[in-house]
Number of protein chains: 4
Amino acid sequence: MAERKTQPKSEPTSSVNGAASRGRPRSMRAWKAVLDVATEILERDGYGALTVDAIAAGAGVSKATIYRWWSDKADVAMDAVLAAIESEIPVPDTGSLRKDLEQQLINVVDMLTKTSHGPAIAGLIAEIQSNERVGEAFRENFLRSRREAAFTVLRRGRERGELNKGIDFDVAVDSLYGPVYYRLLLGHQPLDRKFGKALLAQLCRGLLVDPKA
Amino acid sequence: MAERKTQPKSEPTSSVNGAASRGRPRSMRAWKAVLDVATEILERDGYGALTVDAIAAGAGVSKATIYRWWSDKADVAMDAVLAAIESEIPVPDTGSLRKDLEQQLINVVDMLTKTSHGPAIAGLIAEIQSNERVGEAFRENFLRSRREAAFTVLRRGRERGELNKGIDFDVAVDSLYGPVYYRLLLGHQPLDRKFGKALLAQLCRGLLVDPKA
Amino acid sequence: MAERKTQPKSEPTSSVNGAASRGRPRSMRAWKAVLDVATEILERDGYGALTVDAIAAGAGVSKATIYRWWSDKADVAMDAVLAAIESEIPVPDTGSLRKDLEQQLINVVDMLTKTSHGPAIAGLIAEIQSNERVGEAFRENFLRSRREAAFTVLRRGRERGELNKGIDFDVAVDSLYGPVYYRLLLGHQPLDRKFGKALLAQLCRGLLVDPKA
Amino acid sequence: MAERKTQPKSEPTSSVNGAASRGRPRSMRAWKAVLDVATEILERDGYGALTVDAIAAGAGVSKATIYRWWSDKADVAMDAVLAAIESEIPVPDTGSLRKDLEQQLINVVDMLTKTSHGPAIAGLIAEIQSNERVGEAFRENFLRSRREAAFTVLRRGRERGELNKGIDFDVAVDSLYGPVYYRLLLGHQPLDRKFGKALLAQLCRGLLVDPKA
DNA sequence: CAATAAACGAGACGGTACGTCCCGTCTTCAG
DNA sequence: CTGAAGACGGGACGTACCGTCTCGTTTATTG
């Protein structure tokens, strides 16, 4: 995504957008081939091996075409990742806040470890550090929807009275996801379901003994 | 650090290591100049602008000299960051676990935001994603001591009976630091003392209402 | 010109050619606009800056239209130059071969220096070196008429007995025009009327002292 | 040549130039390989097919190295041509101006047609039209010495009283070489020894009948 | 006090990828 | 059927860094 130069969202063909749609329409083949090849390279060789020339060659597409629609290789990588993670994020609704959060945490952990998206996403986050545009796009197109899903879960929990008072949702979500990405990026400890569950248990219960007890 | 090729640790002077040490000794001037310039570039222009050529030119040092002592530009950056963060990490000991943890969290947040090390460290973490050696070094030379300090604090708290039972220290430390680095790297929400305190409050108390209450 | 793909010659209107002429007729506006813009770019920025995209954009014409009627940017340039040099080449006829030749030489020099066609023509000649089709067209549409005019002048002179015996007209014409284009293309010495006159004087009289005198 | 960035002339190694000669010395292998490959491409495929990438690939040299020493592909081509035409230009000295000039003209014609340098030189002259730097270099490194040789011949002839009075050497040289390059570049008539001889005959004798006779 | 040997500055080297530019072709829709 | 719009594959351009190398030049220790 990130600064699509002409099209506002994903679909390349559109046609039926209000405007006139003059000139040769964007090639769906090229669009798909680019993302496919990018995804393949990301999964096979990692973000570091992703090259605009390689994408172009592999997709049978000219570099000019890539740069016409994406500003960066990071921009392509973002679209590739987003397309690969089919964007359906099921918001769990088991009736129990605890269970909903656990499910969500497991979903994230699984996506980052059981699929091959983990390194790609880590690569994108790395890119953010030297390319603010990528940060913008990542937050907008990837993070936001995930956070909103978490917000929904928390909101439901609060309405059922399961949540402690005075919890800041932003802080809560960061304390759920933060440690997961911390392990993804730093690699100092394994990232797996066991960790997700232990983390959740601890977050729910709190670290300290209740002073009133 | 990371795989110093000849020298075991930081100091460049050597001389009095067991072996003979013939030939011209390592230049302290060059060593210092490299790290100074690297630090300066990191602080002024960020990790993306850090270039071995730029360091060499700025330090009046040849590239060969840099590569003789550091394996990578990431390696230089690491040493620069470590040298800049004076490695003394005071382990707080107020007698209260809660206060110790808060102090530690504030120390980290301040280091990442009040000094100019934040972007440099973020850049290093980015580098890890495509350079495993950097990861090794980062965990070894930077992370470990911080985590051990946190372990010490937690241990003292447990001995005083302030800590809930069954807390996994690794998970606990990740839940303290993870969210901080998450905000540093993603930039979706501000990273400041206020966040540190809110985070700590939430971690101590837990998210959910006590089922037994 | 050069290989007009559909139209035999310059005029774009067609319509009244024998055939039926179905569909939308060729746009005179487009035809004129292309040549005007090409001429303008050639005169303002030189041959190197001439770009099919620039012509299309400047003329409000599509590239496809340009390529439908011209084979090349060189082809466009040629037409532009030919159109700009109004093709009437007056053949001087003063009654004196010497004066006729001088007038002709001055005409060429003026056209190449006093107007802005010099660089455009130099650019075309440059193009010939890597594009034989341009050479063909240049000789056919530009050179030939000029040479024939010179032939006419020489023929008249010969009939009046002013010309030495055994003069090869082709060689003679090359010795008149060659040095002029040599200076145009190489730029080692100024190209001006003074040069034209000196050249002519020398050619008429010969370099060497008459052995019989 | 054209703007050699460090070395004033051809030889890359030098070593014994007055200055210090610090750093790794220029690679003679690279220097030679570049010019050899460039010459080969020029002779085999012509100037239009000359590509910096192709030279780099063929010579086993990086593009950076080429651009370090030559500003342009035109610059490389120039050096290649100059190196190929071993710069020894024998100045004929037969005792007869007429014969000397004829020899010189034949030398030029042969060089342009019997060897494969003709197209390369034509390509360079084409390049001049859009690259003034090339013009400068061409005049300086190629033209000048040739013209000076012709001047020498003319000067000797004048001293022997073979030359008409009032001959401008610059004009005379242009009238000798101009027509040759005219045919080389325009291709409207064959360029061969026969033409050279006919041209010289005509130049020596003059076009017009002697009015005094 | 010479010989030796390592480290130094300078900077050229082979590579790889970048992002831009232009070419000539194509594909759509409007007149 | 022409024309404007403009996307497309192709391919060269010139730049920027990387990490390695080859010099001549210090600067110690050793014999």
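We name chains A, B, ... by the order of the sequence lines, and we start the count at 1 in each one. Values below: every heavy atom of this structure, side chains too, minus hydrogens, waters and symmetry copies.
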Inset, instruction - Measure from OH on B:Tyr67 to C1' on F:dC21 and round the result to the nearest Å. - result: 13 Å
Legend entry - Contacts of B:Asp72 that satisfy side chain to side chain donor-acceptor pair (under 3.5 Å) - sequence neighbours left out: B:Asn131, B:Arg133
Inset, instruction - By nearest nucleotide on DNA chain E, pick out whichever of D:Ala30 and C:Ala64 is the more 5' one. - result: D:Ala30
Legend entry - Along DNA chain F (nearest heavy atom to each residue), the more 5'-positioned of D:Gly23 and A:Gly23: A:Gly23
Inset, instruction - Write down the distance between CH2 (B:Trp31) and P (E:dG9), rounded to a whole number of angstrom. - result: 15 Å
Legend entry - Residue list, side chain to side chain donor-acceptor pair (under 3.5 Å) with D:Thr65, at least two apart or on another chain: D:Ser62
Legend entry - Protein-nucleotide distance (B:Lys73, atom NZ; F:dT20, atom C1'), rounded to Å: 17 Å
Inset, instruction - Would you name the heavy atoms of C:Leu124 and C:Ala74 that are closest together and state the gap between them? - result: CD2-O, 3.7 Å
Inset, instruction - Please state whether the phosphate of E:dG31, meaning OP1 or OP2, lies under 4.0 angstrom from any side-chain nitrogen or oxygen of C:Arg29. - result: no
Inset, instruction - Taking salt bridge (Lys or Arg N to Asp or Glu O under 4.0 Å) as the test, write out the residues that go with D:Lys73, two or more places apart. - result: none
Legend entry - Gap between atoms CH2 and C1', on D:Trp70 and F:dG14 respectively (whole Å): 16 Å
Inset, instruction - Select one nucleotide: of E:dA7, F:dG9, E:dT25, the one nearest the side-chain heavy atoms of B:Arg68. - result: E:dA7
Using distance only, find each side-chain donor-acceptor pair of residues 47-57 of chain C under 3.5 Å and give its atom names and separation, not counting sequence neighbours.
residue: C:Tyr47; atom: OH; partner: C:Glu127; partner atom: OE1; Å: 3.0

Legend entry - Any N/O donor-acceptor pair, D:Lys63 side-chain to F:dG14 base, under 3.5 Å: yes
Legend entry - Residue met sooner reading DNA chain E from 5', once A:Asp72 and C:Asp72 are mapped to nucleotides: A:Asp72
Inset, instruction - List for me each residue that meets salt bridge (Lys or Arg N to Asp or Glu O under 4.0 Å) alongside C:Glu43, sequence neighbours excluded, and say none if there are none. - result: none
Inset, instruction - With sequence neighbours left out, write down each residue that passes side chain to side chain contact (heavy atoms under 4.5 Å, CB included) with C:Ala80, or none if nothing qualifies. - result: C:Leu35, C:Ala38, C:Thr39, C:Leu42
Inset, instruction - Decide yes or no, distance alone: a donor-acceptor N/O pair under 3.5 angstrom between the base of F:dC8 and the side-chain of A:Arg24. - result: no
Inset, instruction - Ignoring hydrogens and angles, tell me if any N or O in the side chain of A:Glu132 forms a donor-acceptor pair with the backbone of A:Ile128 under 3.5 Å. - result: no
Legend entry - Partner residues of B:Asp45 under the salt bridge (Lys or Arg N to Asp or Glu O under 4.0 Å) criterion, sequence neighbours left out: none
Legend entry - Within residues 51-62 of chain C: residues closer than 4.0 Å to DNA chain F (heavy atoms): C:Gly60, C:Val61, C:Ser62
Legend entry - For atom CD1 of C:Ile66 and atom C1' of E:dC23, their distance in whole Å: 12 Å
Legend entry - Strand-adjacent residues in residues 41-50 of chain B, judged by heavy atoms under 4.0 Å from DNA chain E: none
Inset, instruction - For F:dG9, take OP1 and OP2 only and decide whether either is under 4.0 Å from a side-chain N or O of A:Thr65. - result: yes
Inset, instruction - Give the rounded distance in Å between these two atoms: CH2 of C:Trp69 and C1' of E:dG24. - result: 18 Å
